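All remarks here apply to the structure that follows.
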Protein chains: 2
Amino acid sequence: MREATTRYVILGALEMEGPLSGYEIRTWISQSVGYFWTESFGQLYPELKRLAAEKLISPLPEKQAHARARQRYEISPSGRRLLAAWVEQPARPQPVRAEFLLKLLFSRQSGLVVTRRHLEAIAEAERGKGAAFAGARAALLDEGPDSPDLVYALVVLRYGQHISAMRRAWVEESLQLLAAHEAGGPAAVLNAFHELVEEEPR
Amino acid sequence: MREATTRYVILGALEMEGPLSGYEIRTWISQSVGYFWTESFGQLYPELKRLAAEKLISPLPEKQAHARARQRYEISPSGRRLLAAWVEQPARPQPVRAEFLLKLLFSRQSGLVVTRRHLEAIAEAERGKGAAFAGARAALLDEGPDSPDLVYALVVLRYGQHISAMRRAWVEESLQLLAAHEAGGPAAVLNAFHELVEEEPR
DNA sequence: TTTGCCATGTAACTAGTTACATGATTTG
DNA sequence: CAAATCATGTAACTAGTTACATGGCAAA
């Protein structure tokens, strides 16, 4: 049985940010955890209803009473308990499916030009994220220097920064390997590879 | 519309390894690209039938003729064309969903003990993968020093090694941040964080 | 007044997982 | 001969995506 994670993101968002509407939860997700989580409205709104039916969250009374007015929800004590229990459970190994690595692996037919283009697109995308991380970091730092959530948020942010830096480094390295291939075929690639690996400790 | 990727993995496997059966494709996947791709039989066998019906792969005549005997398939010219076209298309941005980061972010209630346990489990898992990468690398190096696929395979392998190393480094760093939090609260965390970031170039 | 954002929601679809069933062949 | 592995397949399910529909409100 696959465990639905959407509900825990909702609970977590409400726990960290206080009462939020569906729309606000979605913006929170895309702004603060967007680089490692996404959630669509088609999943969000039905789940909010379910959580409310299970008394894990409670709708707040709102002023404007027209249809489709904003409806905020608050996490309940039992919701908090459920969230904590989930957090304490070890994370299931997520089935990673990195399409771009498949394309790379199958690139022989298409050749180096296509491969280079793909790699450079990745590096470019990562450079774009750099700014986003800097922004998120700034927001964290001046928003809550006393926040008890700060350590956790920073740890998560650092993961994003690490991944981004790693990807850029990997692209650089890969371009070198491709250059070696172009210059001297598989043999030259092997040399270049050994040099790369020897630079690393252990 | 979501694009089914399973078919391209199958085509790629047949392209790289020659004729394979469903079972063999699955072992190939789990052994050589298992760290970034998974595929289940429930998806594999129906897709093989579809690909054969579309003449993108062709079943080889096999000797033993009992039911449920091994059936190998070969990629066809049109299959090869389809694969190449897919490879040349830029990879769609995959919706990453890293559950363990969510758990980390929502860890305040559960506390440092739980968080440490999670982090150490991640590091432990990565250390285990180290051996697998070494094996994959060795296989690559002595299997095909002249293989035209070598560059691509190495580039992909390096990604795995990079990720693994990055994760271990991140865990170490995170444990330091947690220690700082324990010793001096958010203020100490901020100091530790700034030290970490300053070490990095740019 | 039109563009864009705030806001909620549903219907249709499908990719992928899980669990199960069947049986041959090899190995200890 | 028992256990493990090789081998193919199906049924049932569900999490998640995509596309669409509706409408209020604010700013340009």
Side-chain angles (χ1 to χ4, degrees), chain A residues 1-10 13 19-31 33-34 36-53 57 59-60 62-73 86 91-99 102, chain B residues 1-10 13 19-31 33-34 36-53 57 59-60 62-73 86 91-99 102:
Chain A
M1 188 99 71
R2 283 188 292 177
E3 196 179 11
T5 325
T6 302
R7 51 175 41 207
Y8 301 108
V9 196
I10 295 175
L20 295 175
S21 68
Y23 196 88
E24 287 168 330
I25 291 174
R26 221 245 178 158
T27 31
W28 179 82
I29 290 175
S30 62
Q31 274 167 21
V33 299
F36 70 87
W37 203 263
T38 52
E39 211 61 67
S40 59
F41 284 130
Q43 199 75 354
L44 214 44
Y45 285 111
E47 190 63 37
L48 280 170
K49 298 276 167 178
R50 275 192 292 269
L51 287 170
I57 62 178
L60 296 186
E62 303 268 346
K63 298 150 202 177
Q64 329 116 295
H66 72 270
R68 290 178 193 242
R70 178 180 57 199
Q71 176 60 62
R72 288 215 174 96
Y73 297 87
W86 177 76
R92 303 161 300 166
Q94 70 232 16
V96 253
R97 307 192 108 217
E99 201 179 278
L102 280 183
Chain B
M1 186 99 68
R2 283 189 291 177
E3 197 181 9
T5 324
T6 302
R7 49 176 42 207
Y8 302 107
V9 197
I10 295 175
L20 294 175
S21 69
Y23 196 89
E24 288 168 329
I25 290 174
R26 218 242 182 160
T27 31
W28 178 81
I29 290 174
S30 62
Q31 274 167 22
V33 300
F36 70 87
W37 202 264
T38 52
E39 211 60 66
S40 59
F41 284 129
Q43 199 76 354
L44 213 43
Y45 286 110
E47 190 64 37
L48 280 171
K49 298 275 167 182
R50 276 192 291 269
L51 287 170
I57 62 178
L60 295 186
E62 302 269 345
K63 298 150 202 179
Q64 331 115 299
H66 71 269
R68 289 179 194 243
R70 180 180 56 199
Q71 176 60 63
R72 289 214 174 96
Y73 297 87
W86 178 75
R92 303 161 300 167
Q94 71 230 17
V96 253
R97 306 192 107 216
E99 200 179 280
L102 279 183

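Letters A, B, ... are given to chains in the order of the sequence lines, protein chains preceding strands, and every chain is numbered from 1. Everything quoted here is computed from the prediction, not taken from an experiment.
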Rounding to a whole Å, what distance do you find between [X]:[atom1] and [N]:[atom2]?
| X | N | atom1 | atom2 | result |
| --- | --- | --- | --- | --- |
| Trp37(B) | dA15(C) | CH2 | P | 13 Å |
| Tyr23(A) | dT22(D) | OH | P | 19 Å |
| Glu39(B) | dA7(D) | CD | C1' | 17 Å |
| Arg26(A) | dG9(C) | CZ | P | 15 Å |
| Arg50(B) | dT14(C) | CZ | P | 11 Å |
| Gln31(A) | dC5(C) | CD | C1' | 13 Å |
| Gln43(A) | dA19(D) | CD | C1' | 15 Å |
| Ile29(A) | dG16(D) | CD1 | P | 11 Å |

Reckon Gly42(A) touches a base, only the sugar-phosphate, or nothing at all at heavy-atom distances under 4.0 Å?
base

Within the structure shown, what part of the strands sits under 4.0 Å from Gln71(B) by heavy-atom distance: base, sugar-phosphate, or nothing?
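If one applies the 4.0 Å heavy-atom cut-off, Gln71(B) turns out to touch the sugar-phosphate alone, with no base involved.
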
Residue whose closest nucleotide on DNA chain D lies nearer the 5' end, Arg72(B) versus Phe41(A)
Arg72(B)

Contact nearer the 5' end of DNA chain D, comparing Arg97(B) with Ser21(B)
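Looking at DNA chain D, the more 5' nearest nucleotide goes with Ser21(B).
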
Can Thr5(B) and Trp37(B) be said to form a side chain to side chain contact (heavy atoms under 4.5 Å, CB included), step by step?
CA-CA 11 Å; Thr5(B) 324; Trp37(B) 202 264; 3.7 Å; yes

Between Ser40(A) and Gln43(A), does any side-chain donor sit less than 3.5 Å from a side-chain acceptor?
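Ser40(A) vs Gln43(A): no donor-acceptor pair found between side chains.
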
Ignoring backbone atoms, establish whether [X] has a side-chain N or O less than 4.0 Å from OP1 or OP2 of [N].
| X | N | result |
| --- | --- | --- |
| Lys49(B) | dG9(D) | yes |
| Ser40(B) | dT17(C) | yes |
| Thr6(B) | dA15(C) | no |

Selected nucleotide, minimal atom distance to [X] side chain, candidates [options]:
| X | options | result |
| --- | --- | --- |
| Glu24(A) | dG16(D), dT17(D), dA7(C) | dA7(C) |
| Arg70(A) | dG16(D), dT8(D), dA7(C) | dA7(C) |
| Tyr45(B) | dG9(D), dG9(C), dT8(C) | dG9(D) |

One pair to check against side chain to side chain contact (heavy atoms under 4.5 Å, CB included): Tyr45(A) and Gln71(A). What are the steps and the verdict?
CA-CA 11 Å; Tyr45(A) 285 111; Gln71(A) 176 60 62; over 6 Å; no

Pick out which of Glu39(B), Glu47(B), Arg50(B) makes a side chain to side chain donor-acceptor pair (under 3.5 Å) with Thr6(B).
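That would be Glu39(B); it is the only one of Glu39(B), Glu47(B), Arg50(B) passing the side chain to side chain donor-acceptor pair (under 3.5 Å) with Thr6(B).
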
